[in-house]
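Numbers here are sequence positions counted from 1.
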Amino acid sequence: MGAGLMLSVVSVPDPDGDQMGALLVAAVRPEFAGHIVRVDADNPVFGRGRCGVGGCERTSWARQLCAAHHQRWTKHGKPEVEHFRDTTGPIAVRAGSERVDAFDLSALDQRARLEVGYVLQCRHDERGVRVLPSTIRHLAALYVDSGARSLLDRPVEPWLDAVRAKRWKDPTRTVALVRYAHQRLTDLGGIDVEAEYASDIWVAARLGIHVTRSATQTRFDTIAQPWLRTAVKRWARLRLGSGKTFGTVHVDARAMLWFSRFLAGRDPDATDERAITRDALEAYLVWITASHLAAHTSSTYITCLRGFLDTSRRHRWLPALSSTAALYHDDLPSRPRPLPRFISEFVMGQLEDPDRLAVLPDATTRALIVVIMETGLRANDACALPFNPIIDDSAGWPCLRYFNAKMAAEQLVPLSATAADAIRAQQADLRRRWPAGPPVLFPAPHSNPDGTHPFSYATLRARLARWQDDIDVHDETGQHVRVTAHQFRHTLGTRLINQGVPQHVIQRLLGHASPQMTARYATLHDTTVRQAFDEYCRQRVNLAGDRIVYDPAGITADAEWTKHNMTRVQASLPNGYCGRPPQQNCPHPQRLPHLPRLPDHPGVPRRPPPPTR
């Protein structure tokens with residue numbers, strides 16, 4: 001970014017010497033402190049690439065033309081764009097040209113100029129949302145028209161009302177910028193976390209909590225009873241402190257909102273916790289069960305209320321709460337046990353078809369969907385994969401290392417050859433754009449110049465739905481079908497069960513916390529003794545007769561154990577199991593028993609009898 005006509009804020013003290021002015025002087029860098037803040041055409045946040053006309057250094061506006069050349073192209077009757085770019089000349093330098101491709105802050109006094117410069121600096125450093133000069137002109141006009149010295153002279157809502165009153169063509173970007181600017185200036189001296197917890201709206205980022213797919217804010221102001229709202233907030237903070245995710249606490253707050261609505265209808269004049277009686281709780285169970293909520297949701301809300309009442313009684317947050325005002329285990333409705341929402345093989349054949357996968361908008365989206373199909377990862381976990389998630393086990397087979405957000409644990413699972421190839425192709429594609437490699441394997445496609453932001457679940461969901469419409473996914477009857485990313489997970493589990501893979505292996509492969517979660521796919525199978533597997537691995541040799549090094553305590557041991565169980569089932573023979581080294585793909589899908597092999601047990605004969613015909 002060029003300096004342009006800039007003033008150094010360090011050399012000019014704030015006229016009033018107030019604390020906010022001093023903070024701004026210390027925070028704003030010189031390149032953002034001048035009357036004119038120049039924009040480099042190649043800047044990934046403020047620029048849009050250079051104009052395609054030879055000799056023109058201005059920022060591209062449309063059709064790879066700057067605003068002036070685009071106007072000239074229009075006046076010439078919009079000829080063929082490439083011919084116009086090759087034949088026209090650069091724009092002559094005139095008075096005011098220095099304000100082209102720049103943020104003009106010359107109409108502002110020093111304090112307002114520092115504030116707008118600080119906002120520009122924050123946007124630049126975050127390297128996400130693009131800032132247009134028109135939105136900065138609008139923000140500067142608000143300062144001038146209001147006569148305010150600082151954006152913090154008023155709450156944010158009056159500023160937003162002023163934006164809407166201007167009737168600008170598209171105020172959406174300006175509204176977003178004003179909100180952002182007011183918040184960043186408010187936080188310049190640091191965020192008061194205690195004040196954030198005391199407020200009735202919790203924003204995860206302001207509490208220092210990183211979220212991806214789940215809700216980013218939780219509202220308590222909708223809980224009508226002040227005494228109940230205070231206790232719910234204390235409970236929510238305790239839950240966050242005990243390691244619960246922000247999304248879980250958001251569900252807790254939603255559950256208590258429903259209880260608040262019930263109490264408001266039953267006893268509008270309730271002034272304290274004495275309104276919560278056993279009779280009221282029994283009436284609530286009937287009320288919420290009869291509501292429009294799904295059975296799973298109502299059961300969750302009742303469970304949340306039970307936890308809130310138990311915790312409040314334990315910590316005496318509601319000292320007047322009756323000892324009989326409690327929910328017991330047998331009060332909880334049974335949770336529905338739906339069957340897996342797997343995708344039929346007829347539909348999967350369409351989704352896995354390479355020609356149909358090629359219809360996806362880009363290589364990143366294609367690789368992401370292939371990885372989810374092959375591994376059964378939850379979409380959120382797949383989007384957040386690091387750039388290099390592959391670790392080879394002792395036999396050289398690739399394993400996927402990822403963070404299971406639901407279990408809050410790092411896990412390692414074996415990869416199929418298709419998934420490994422998709423990941424390596426994605427890495428090669430990213431290195432062409434970022435030679436050093438970005439921090440994530442699937443970078444967000446927009447507002448992400450450095451590749452630091454991961455692909456969002458919302459983008460994946462939208463692209464997956466649009467792709468299915470484009471390729472006309474249908475079932476056996478010709479009816480249109482719409483599948484979700486999570487159904488790939490159910491489909492993989494169902495396929496593994498149908499192939500005879502033991503349930504405990506599927507549990508490890510899918511990262512389930514308990515066998516009950518995997519029991520939706522099948523009943524529990526007999527386990528294989530792990531010690532025998534470790535002993536077998538110590539005796540393994542490759543085709544050349546060299547012993548394969550294996551460490552049962554190694555980082556890839558568990559993933560190799562999972563892969564071994566899958567391989568033995570998939571490569572079964574009439575006389576046992578195929579002894580071909582598991583890191584090699586078998587070229588004989590017929591599983592002929594007379595092929596050369598390495599026996600994995602001394603009791604297996606080297607020359608098994610021919611199969612019975």
Side-chain angles (χ1 to χ4, degrees), residues 1-4 36-104 120 123-124 127-138 168-174 176-177 355-367 426 428-435 438 443-451 453 455-456 459 462-463 466-467 469-471:
M1 174 178 291
I36 304 294
V37 179
R38 298 287 300 169
V39 174
D40 190 321
D42 296 325
N43 186 284
V45 180
F46 300 142
R48 300 175 118 186
R50 297 190 181 278
C51 177
V53 176
C56 183
E57 296 296 321
R58 295 186 176 187
T59 298
S60 174
W61 174 252
R63 297 180 179 272
Q64 206 176 346
L65 298 173
C66 66
H69 276 118
H70 189 274
Q71 185 179 21
R72 180 187 294 181
W73 172 74
T74 303
K75 287 182 177 180
H76 282 70
K78 298 183 179 180
E80 200 278 326
V81 176
E82 291 188 8
H83 177 73
F84 174 80
R85 285 199 297 257
D86 294 339
T87 56
T88 192
I91 302 298
V93 177
R94 300 186 180 92
S97 292
E98 73 278 0
R99 286 174 167 77
V100 176
D101 294 339
F103 298 111
D104 187 356
L120 285 172
R123 280 296 197 201
H124 176 269
R127 302 178 73 77
V129 178
R130 187 183 300 277
V131 180
L132 301 180
S134 59
T135 60
I136 297 299
R137 288 197 300 270
H138 292 166
W168 284 313
K169 182 177 180 181
D170 183 12
T172 306
R173 288 180 178 270
T174 305
L177 181 64
D355 292 336
R356 289 184 168 94
L357 285 169
V359 178
L360 285 163
D362 55 50
T364 296
T365 308
R366 185 160 49 252
Q426 172 68 0
D429 181 65
L430 294 180
R431 284 196 179 97
R432 285 191 286 270
R433 298 158 59 189
W434 297 285
H446 303 297
S447 301
N448 192 22
D450 301 323
H453 304 297
F455 212 93
S456 72
T459 302
R463 291 191 171 189
R466 192 180 308 117
W467 172 56
D469 292 337
D470 292 340
I471 64 175

Got a second to check how far [X]'s [atom1] is from [Y]'s [atom2], nearest 0.5 Å?
X: Q64; Y: E82; atom1: CD; atom2: CD; value: 9.0 Å
X: K75; Y: R72; atom1: NZ; atom2: CZ; value: 9.5 Å
X: D355; Y: I471; atom1: CG; atom2: CD1; value: 11.0 Å
X: T365; Y: L357; atom1: OG1; atom2: CG; value: 11.5 Å
X: I136; Y: L177; atom1: CD1; atom2: CG; value: 5.0 Å
X: F84; Y: K78; atom1: CZ; atom2: NZ; value: 12.5 Å

Open item on the list: I'd like to know whether CZ of R63 has more than 12 heavy-atom contacts from other residues, nucleotides or ligands below 6.0 angstrom.
Closed with: no
- request: Determine whether more than 12 heavy atoms belonging to other residues, nucleotides or ligands lie under 6.0 Å from atom CZ of R85.
  value: yes
Residues at least two apart in sequence or cross-chain that pass side-chain hydrogen bond (donor to acceptor under 3.5 Å, both in side chains) with R433, listed by chain then number, are none
_R50 and S60 side chains, donor-acceptor separation under 3.5 Å_ = no
Main-chain N/O of [Y] paired with [X] side-chain donor or acceptor, under 3.5 Å:
X: N448; Y: H453; result: yes
X: W467; Y: R356; result: yes
X: R58; Y: A68; result: no

Closest contact, heavy atoms only, [X] versus [Y]:
X: W434; Y: P449; result: NE1-O, 3.1 Å
X: P90; Y: C56; result: CB-N, 4.5 Å
X: H69; Y: G89; result: NE2-O, 2.7 Å
X: P438; Y: P443; result: CG-CG, 4.2 Å

Could you go step by step and tell me if F103 and V39 meet the side-chain contact (heavy atoms from CB on, under 4.5 Å) rule? CA-CA 7 Å; F103 298 111; V39 174; 3.4 Å; yes
Item checked: Any P445 side-chain heavy atom under 4.5 Å of T459 side chain -> yes
Quick check: do H83 and V81 have side-chain heavy atoms less than 4.5 Å from each other?
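No - every pair of side-chain heavy atoms lies 4.5 Å or more apart.
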query: For T74 and Q71, what are the C-alpha separation, side-chain angles and deciding distance, and is it a side-chain contact (heavy atoms from CB on, under 4.5 Å)?
result: CA-CA 5 Å; T74 303; Q71 185 179 21; 5.7 Å; no
Taking the six-membered ring for Trp, are H138 and W168 parallel (under 30°), tilted (30 to 60°) or perpendicular (over 60°)?
parallel
Salt bridge or not between R466 and D469? Use side-chain N to carboxylate O under 4.0 Å.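 Judged by the 4.0 Å cut-off on N to carboxylate O distance, R466 and D469 do not form a salt bridge.
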Residues passing the salt bridge (charged side-chain N to carboxylate O under 4.0 Å, His left out) test with D450, sequence neighbours excluded, are R127
By salt bridge (charged side-chain N to carboxylate O under 4.0 Å, His left out), D362 pairs with (sequence neighbours left out) R463
- So, for H76 and W73, is the gap between ring centers shorter than 6.0 Å?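 No, the ring centres sit 6.0 Å or more apart.
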